[in-house]
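Numbers for residues simply follow the sequence, beginning at 1.
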Amino acid sequence: MNWLKSLVVVGALAIAPAHALAGENLEQIKAAGVFKIGTEGTYAPFTYHDASGKLVGFDVEIGEAIARELGVKPQFLEGKWDGLIAGLDANRYDTVINQVGITEARKAKYDFSEPYIASKAVLIVKGDNDEIKGFADLKGKKSAQSLSSNFGKIAQSNGAELVGTDGFDQSIQLLLSGRADATVNDSLSFLDFKKHKPDANVKIAAEQENADYSGIIIRKGEPELLAEINKALEKIKADGTYQKIADKYFGQDVSK
C-alpha cells in the first residue's frame with residue numbers, strides 16, 4: 001500500500017500550492033497590488049453601471065476606499081447574486097462587497113468585517129397621510145408589497161391587505177396613485193428614491209427599531225486581511241470619506 005500512500009502525498013502536494021495561490025492572503029494581495037472584489041453590477045444604488053457604462057455605486061466606492069487604505073488597486077469582478085458568495089469558495093476573488101447581510105448561517109462559513117451599513121423596515125405613506133402613524137395602523141389597509149418578501153410579511157402580520165408588486169418602484173407608484181395606502185419597505189431604498197425625487201409626495205410614518213446590517217465578507221482563515229479591512233473601515237469613517245460616500249448616494253449617514 002506504500003504506492004497508494006505516495007500517490008496521496010504527491011496529490012496533496014500538487015493541490016496545496018494551487019489552493020494557497022488561489023486563496024490570496026493579505027501579503028499576497030499587497031504583493032500583487034490588487035484587491036479582487038466580487039459584486040453584482042446590477043443593484044443600484046449599491047453596485048451598477050451609469051449611463052456611460054462605468055461601474056459605480058455605494059458599495060463600489062466603499063470597495064475603492066478600502067483598497068486605497070490597503071495600498072492596492074481594486075479589481076471588480078461581476079457576477080449574479082445567486083453565485084456571488086460561492087465565488088469566494090472558488091477563490092475567484094478576495095472578498096464580496098455587495099450588501100451582504102450578516103447572518104448566523106453565513107458567519108458559520110465565512111468571516112465578516114464590522115458592519116458598514118444598516119437598513120430598517122420602514123412604513124411609507126403619502127406625505128399628507130396623517131391616519132397611518134404606525135405599523136398597527138395598517139390593519140384593514142392596502143399595502144403594496146412583493147408578496148414573498150419579509151416586508152410583505154411584516155405588513156400582513158399587522159393586518160394589511162397585500163397588493164402584489166414587482167418591487168420598490170412599483171410599490172411607490174401604487175401608493176402615489178392611490179391604489180395602495182402604504183408600503184413596508186427598505187429604508188435604504190427609500191433614501192435612494194428621495195435622493196433622486198426629493199419632491200415626491202411620500203414620507204416615512206414609522207420604522208422598526210431593529211436594523212439589519214451588512215458587512216464585507218471574506219473566507220475564513222484570513223485574520224490578517226480581516227483586521228486590515230476593519231482598520232480601513234474605521235479610518236474612512238474617521239476621516240469623513242464614508243460620510244461623503246453616504247451623502248452622495250443616500251443623503252445621510254447609513255452606518256447605524
Side-chain angles (χ1 to χ4, degrees), residues 40 43-48 57-59 62 81 98-107 112 114-215 217 242-243 245-256:
E40 274 182 284
Y43 184 31
F46 306 103
T47 161
Y48 64 103
F58 176 82
D59 280 344
I62 291 294
W81 168 252
N98 196 99
Q99 287 303 107
V100 182
I102 301 172
T103 66
E104 291 304 316
R106 287 173 181 156
K107 284 167 66 177
F112 279 93
E114 292 298 316
Y116 71 98
I117 190 167
S119 65
K120 294 182 179 181
V122 292
L123 175 58
I124 305 167
V125 298
K126 275 189 174 182
D128 53 0
N129 187 327
D130 295 323
E131 183 181 356
I132 299 176
K133 298 178 180 179
F135 290 94
D137 296 326
L138 283 173
K139 186 173 182 180
K141 305 294 185 183
K142 292 182 178 180
S143 191
Q145 308 290 158
S146 297
L147 298 180
S148 61
S149 72
N150 287 336
F151 300 123
K153 292 174 183 175
I154 292 171
Q156 197 167 36
S157 69
N158 281 278
E161 175 190 344
L162 301 192
V163 180
T165 71
D166 294 330
F168 180 84
D169 289 342
Q170 189 180 6
S171 294
I172 291 294
Q173 291 308 314
L174 290 183
L175 174 58
L176 289 171
S177 68
R179 293 168 61 189
D181 302 299
T183 179
V184 178
N185 237 293
D186 177 38
S187 59
L188 298 175
S189 296
F190 178 82
L191 290 174
D192 174 52
F193 175 79
K194 288 292 280 185
K195 179 74 174 177
H196 290 91
K197 297 182 179 179
D199 297 327
N201 185 32
V202 290
K203 67 179 181 181
I204 292 177
E207 68 177 24
Q208 284 199 323
E209 184 176 343
N210 296 328
D212 292 319
Y213 294 95
S214 294
I217 186 172
Y242 180 93
Q243 183 69 56
I245 298 171
D247 284 342
K248 178 178 178 179
Y249 290 98
F250 301 107
Q252 66 180 62
D253 186 346
V254 290
S255 63
K256 50 193 171 183

Worksheet item: Lys194 side chain to Ala200 main-chain N or O, any donor-acceptor pair under 3.5 Å?
Response: yes
Worksheet item: Roughly how far, to the nearest 0.5 Å, is the CG atom of Asp181 from the CD1 atom of Ile124?
Response: 14.0 Å
Practice prompt. Work out which heavy atom in Ala182 is nearest to a heavy atom in Leu138; give both atom names and the distance.
Written response: CB-CD2, 3.7 Å
Fill in: Minimum side-chain heavy-atom gap Lys107-Phe112 below 4.5 Å
yes
Worksheet item: Just how far is it from atom OG of Ser149 to atom CZ of Phe168, taken to the nearest 0.5 Å?
Response: 12.5 Å
Worksheet item: How many angstroms lie between CD in Gln145 and CZ in Phe151, if you round to the nearest 0.5 Å?
Response: 8.5 Å
Fill in: Qualifying residues under salt bridge (Lys or Arg N to Asp or Glu O under 4.0 Å), relative to Asp130, sequence neighbours excluded
Lys203
Item to complete: Determine whether Asp59 and Tyr43 make a side-chain contact, defined as any pair of heavy atoms from C-beta on separated by less than 4.5 Å.
Response: no
Fill in: Minimal non-hydrogen separation, Gly164 against Leu174, with atom names
O-CD1, 4.4 Å
Worksheet item: Do Asn98 side-chain atoms and Thr47 backbone N/O form a donor-acceptor pair below 3.5 Å?
Response: no
Discussion item. Would Asp247 and Gln243 count as a side-chain hydrogen bond (donor to acceptor under 3.5 Å, both in side chains) here? Give the steps.
Written reply: CA-CA 6 Å; Asp247 284 342; Gln243 183 69 56; 2.9 Å; yes
Worksheet item: Run the side chain to side chain contact (heavy atoms under 4.5 Å, CB included) check on Tyr249 and Leu188 step by step: do they pass?
Response: CA-CA 10 Å; Tyr249 290 98; Leu188 298 175; over 6 Å; no
Worksheet item: Parallel under 30°, tilted from 30 to 60°, perpendicular over 60°: which one fits the rings of Phe58 and Tyr116?
Response: parallel
Practice prompt. Measure the shortest side-chain to side-chain distance between Arg179 and Val163 over non-hydrogen atoms and say whether it is less than 4.5 angstrom.
Written response: no
Response to the item:
Rounding to 0.5 Å, atoms CD (Glu131) and NZ (Lys126) come to a distance of 13.0 Å
When the side chains of residues 204-213 are checked against the rest of the protein, which donor-acceptor pairs come out under 3.5 Å, sequence neighbours left out?
from: Glu207; atom 1: OE2; to: Lys120; atom 2: NZ; distance (Å): 3.4

Worksheet item: Closest heavy-atom contact between Ile117 and Tyr242?
Response: CA-OH, 4.1 Å
Fill in: Least distance between heavy atoms, Ile102 atom then Gly215 atom
CG1-N, 3.6 Å
Response to the item:
Here the gap from Ser171 atom OG to Leu175 atom CG, rounded to the nearest 0.5 Å, amounts to 9.0 Å
For residues 152-162, please give each side-chain donor-acceptor pair under 3.5 Å, one per line with the distance, not counting sequence neighbours.
from: Ser157; atom 1: OG; to: Lys153; atom 2: O; distance (Å): 3.3
from: Ser157; atom 1: OG; to: Ile154; atom 2: O; distance (Å): 2.8
from: Asn158; atom 1: ND2; to: Ile154; atom 2: O; distance (Å): 2.8

Worksheet entry | Rounded distance (nearest 0.5 Å) linking atom CG of Asn129 with atom CG of Leu123 | 9.0 Å
Worksheet item: Taking Gln99 for the side chain and Ser214 for the main chain, is one N or O donor matched with an acceptor at less than 3.5 Å?
Response: no
Response to the item:
Nearest heavy-atom approach of Pro45 to Phe250 is CG-CE2, 3.7 Å
Worksheet item: NZ of Lys142: more than 12 outside heavy atoms within 6.0 angstrom?
Response: no
Worksheet item: So which heavy atom on Lys133 is nearest to which on Asp137, and how close?
Response: N-OD2, 2.8 Å
Worksheet entry | Expected output: side-chain Thr183 to main-chain Ile172 donor-acceptor under 3.5 Å | no
Worksheet item: Tyr48 side chain to Gly57 main-chain N or O, any donor-acceptor pair under 3.5 Å?
Response: no
